[in-house]
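First comes the structure, then the notes that go with it.
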Amino acid sequence: MKNKRLIGIIAGLVVLVVASLIYSSMNKPAAKVEQKVAKVGVLQFVSHPSLDLIYQGIQDGLAEEGYKGDQVKIDFMNSEGDQSKVATMSKQLVANGNDLVVGIATPAAQGLASATKDLPVIMAAITDPIGANLVKDLKKPGGNITGVSDHNPAEQQVELIKTLTPNVKTIGALYSSSEDNSKTQVEEFKAYAEKAGLTVETFAVPSTNEIASTVNVMTSKVDAIWVPIDNTIASAFPTVVSSNQTAKKPIYPSATAMVEAGGLASVVVDQHDLGVATGKMIAKVLKGEKPADTPVNVFSTGKSVINKKLARELGITIPETVLKEAGQVIE
Ligand code: TRP
């Protein structure tokens, strides 16, 4: 009888001990998995609404791939359009121990490319990677550089100009002489425009300081102004618009932000989409893909953006079909 009670008590104790062991093992913190924080260096050439949208897109694309919060540390610099800052900041970003570096706009990517031959360099929205001497082959970059390219849909832009303003015969191309991305675009646009029976006169400015006087000269010589995907012009676009206030020539720029800021219309590549695609490519390279084997992602099809409000002011009627097919209409 006494033994039975003792056995009962012991059995009870055993159950208690086992249960408490199981319980404590369940609550033990899981062994910490070593999570490496991705370090991404970003150099933005200058501030203008399109590049700001691309940088936002890059962060969104990275987040979609899991690089968000404390999984990623972004080392961001902006050279404010200053070439000497491009050089020093590029060296700094390479020296800072980043896993890779990203150049937003051609001059930034070129600065990074000359600062390192080993660290991966990702191009964000580079119009002409070959013309800018960044890669030799878009399908097989070969070196430490790959990324996303925004090829200007020039042929569609020429068609749109002809549809909206059939009386335009001479177009002035306004761009920066210091940007490699613009030179090729101007040549391409000129070729399509001339094929369509238009005349193109080129007006290259060395810096933003010459924009106002150049636009004044242009407005007396041309029927319309065309602007490529050019950082210098984009960063001072309000000056283009104000210098054209009296002449009121239609302005055909190459990005949505410039149409919104007083351009008439364009066919454009979506800036946020470009950024997201860049963010995803950064993620691939962080996971081990080699830039040498990663083809450049080229965006070349555009959607039209129409500033209907401005068209009304200029007395231009936008055909219903154009409005129906437009990607965006500014009322
Ligand atoms: N593609 C430009 C370059 O190669 C950069 C850029 C992207 C840009 N989006 C833009 C410039 C919009 C002007 C407007 O440098």
Side-chain angles (χ1 to χ4, degrees), residues 42-58 61 78-83 86 90 102-113 121-135 138 145-154 157 173-189 204-205 207-208 211 225-241 251-263 266-279 296-300 302-303 305 328:
V42 178
L43 179 60
Q44 180 172 326
F45 175 54
V46 67
S47 289
H48 61 70
S50 303
L51 295 193
D52 298 343
L53 259 176
I54 291 168
Y55 179 47
Q56 184 56 53
I58 288 175
N78 187 326
S79 51
E80 292 154 15
D82 180 340
Q83 285 294 351
V86 168
S90 294
V102 183
I104 306 180
T106 302
Q110 287 172 323
L112 293 168
V121 175
I122 309 296
M123 307 181 288
I126 305 305
T127 302
D128 183 10
I130 295 175
N133 269 323
L134 288 160
V135 299
L138 296 176
I145 306 175
T146 189
V148 176
S149 169
D150 53 343
H151 189 101
N152 198 34
Q157 292 179 344
L174 176 67
Y175 64 105
S176 147
S177 52
S178 64
E179 290 186 40
D180 285 335
N181 43 296
S182 301
K183 286 173 202 150
T184 16
Q185 288 182 77
V186 172
E187 281 163 27
E188 204 174 283
F189 177 81
V205 294
S207 75
T208 53
I211 291 180
I225 298 171
W226 171 80
V227 175
I229 312 180
D230 182 291
N231 297 289
T232 307
I233 308 297
S235 67
F237 195 70
T239 307
V240 178
V241 174
I251 304 173
Y252 289 98
S254 297
T256 301
M258 290 191 267
V259 177
E260 287 169 340
S266 190
V267 182
V268 299
V269 161
D270 187 279
Q271 304 294 311
H272 186 260
D273 288 356
L274 282 170
V276 171
T278 308
V296 175
N297 183 355
V298 181
F299 281 62
S300 58
K303 54 168 193 186
V305 185
Q328 190 182 333

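Just so you know, ligand 1 is whichever comes first in the structure, and atom 1 is the first atom listed for that ligand.
- The protein atom (non-hydrogen) at minimum distance from atom 5 (C) of ligand 1 is A125 O, 3.4 Å.
- The side-chain heavy atoms of T208 and T239, taken from C-beta on, include no pair separated by under 4.5 Å.
- Atom 7 (C) of ligand 1 has as its closest protein heavy atom D150 OD2, 3.4 Å.
- Atoms of ligand 1 found under 4.0 Å from any heavy atom of A234 (numbered from 1 in listed order, with element): 13 (C), 14 (C).
- Atoms CG and CD, on D230 and Q185 in that order, are 7.5 Å from each other to the nearest 0.5 Å.
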Applying side chain to side chain donor-acceptor pair (under 3.5 Å) to N181 and T127, what does each step give before you reach the verdict?
CA-CA 5 Å; N181 43 296; T127 302; 4.8 Å; no
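- No side-chain donor-acceptor contact under 3.5 Å links S176 and N231.
- Close contacts of ligand 1 with D230, meaning ligand atoms under 4.0 Å from a residue heavy atom, involve 11 (C), 13 (C).
- Among protein heavy atoms, the minimum distance from atom 9 (N) of ligand 1 is reached at Q271 OE1, 2.7 Å.
- Every heavy atom of I233 sits 4.0 Å or more from the atoms of ligand 1.
- Side-chain contact, S254 with Q157: a donor N or O sits under 3.5 Å from an acceptor N or O.
- Of the heavy atoms in N181, only side-chain atoms (C-beta onward) come closer than 4.0 Å to ligand 1.
- Checking Q44 against D52 by side-chain atom types alone, a donor-acceptor pair falls below 3.5 Å.
- Of the N or O atoms in S50, none lie within a sub-3.5 Å distance of an N or O in ligand 1.
- Annotation for ligand 1: atoms under 4.0 Å from non-hydrogen atoms of I126 are 4 (O).
- When heavy-atom distances to ligand 1 are checked against a 4.0 Å cut-off, A105 comes that close through both its backbone and its side chain.
- Across all non-hydrogen atoms, the minimal contact from P49 to A257 is CB-CB, 3.7 Å.
- Nearest protein neighbour of atom 3 (C) of ligand 1, counting heavy atoms only, is T106 OG1, 3.2 Å.
- Residue E179 does not touch ligand 1, judged by heavy-atom distances below 4.0 Å.
- Between M123 and I145, some side-chain heavy-atom pair lies under the 4.5 Å cut-off.
- The I54 neighbourhood of ligand 1 comprises atoms 7 (C), 9 (N), with distances under 4.0 Å to a heavy atom of that residue.
- In terms of protein heavy atoms, atom 10 (C) of ligand 1 is closest to I229 CG2, 3.3 Å.
- In terms of protein heavy atoms, atom 14 (C) of ligand 1 is closest to H48 CE1, 3.6 Å.
- Summarising the geometry of L174 relative to P228, their closest heavy-atom pair is O-CD, 3.2 Å, with the distance given to 0.1 Å.
- Here I233 contributes atom CD1 and H48 contributes atom NE2; the two are 10.5 Å apart, rounded to the nearest 0.5 Å.
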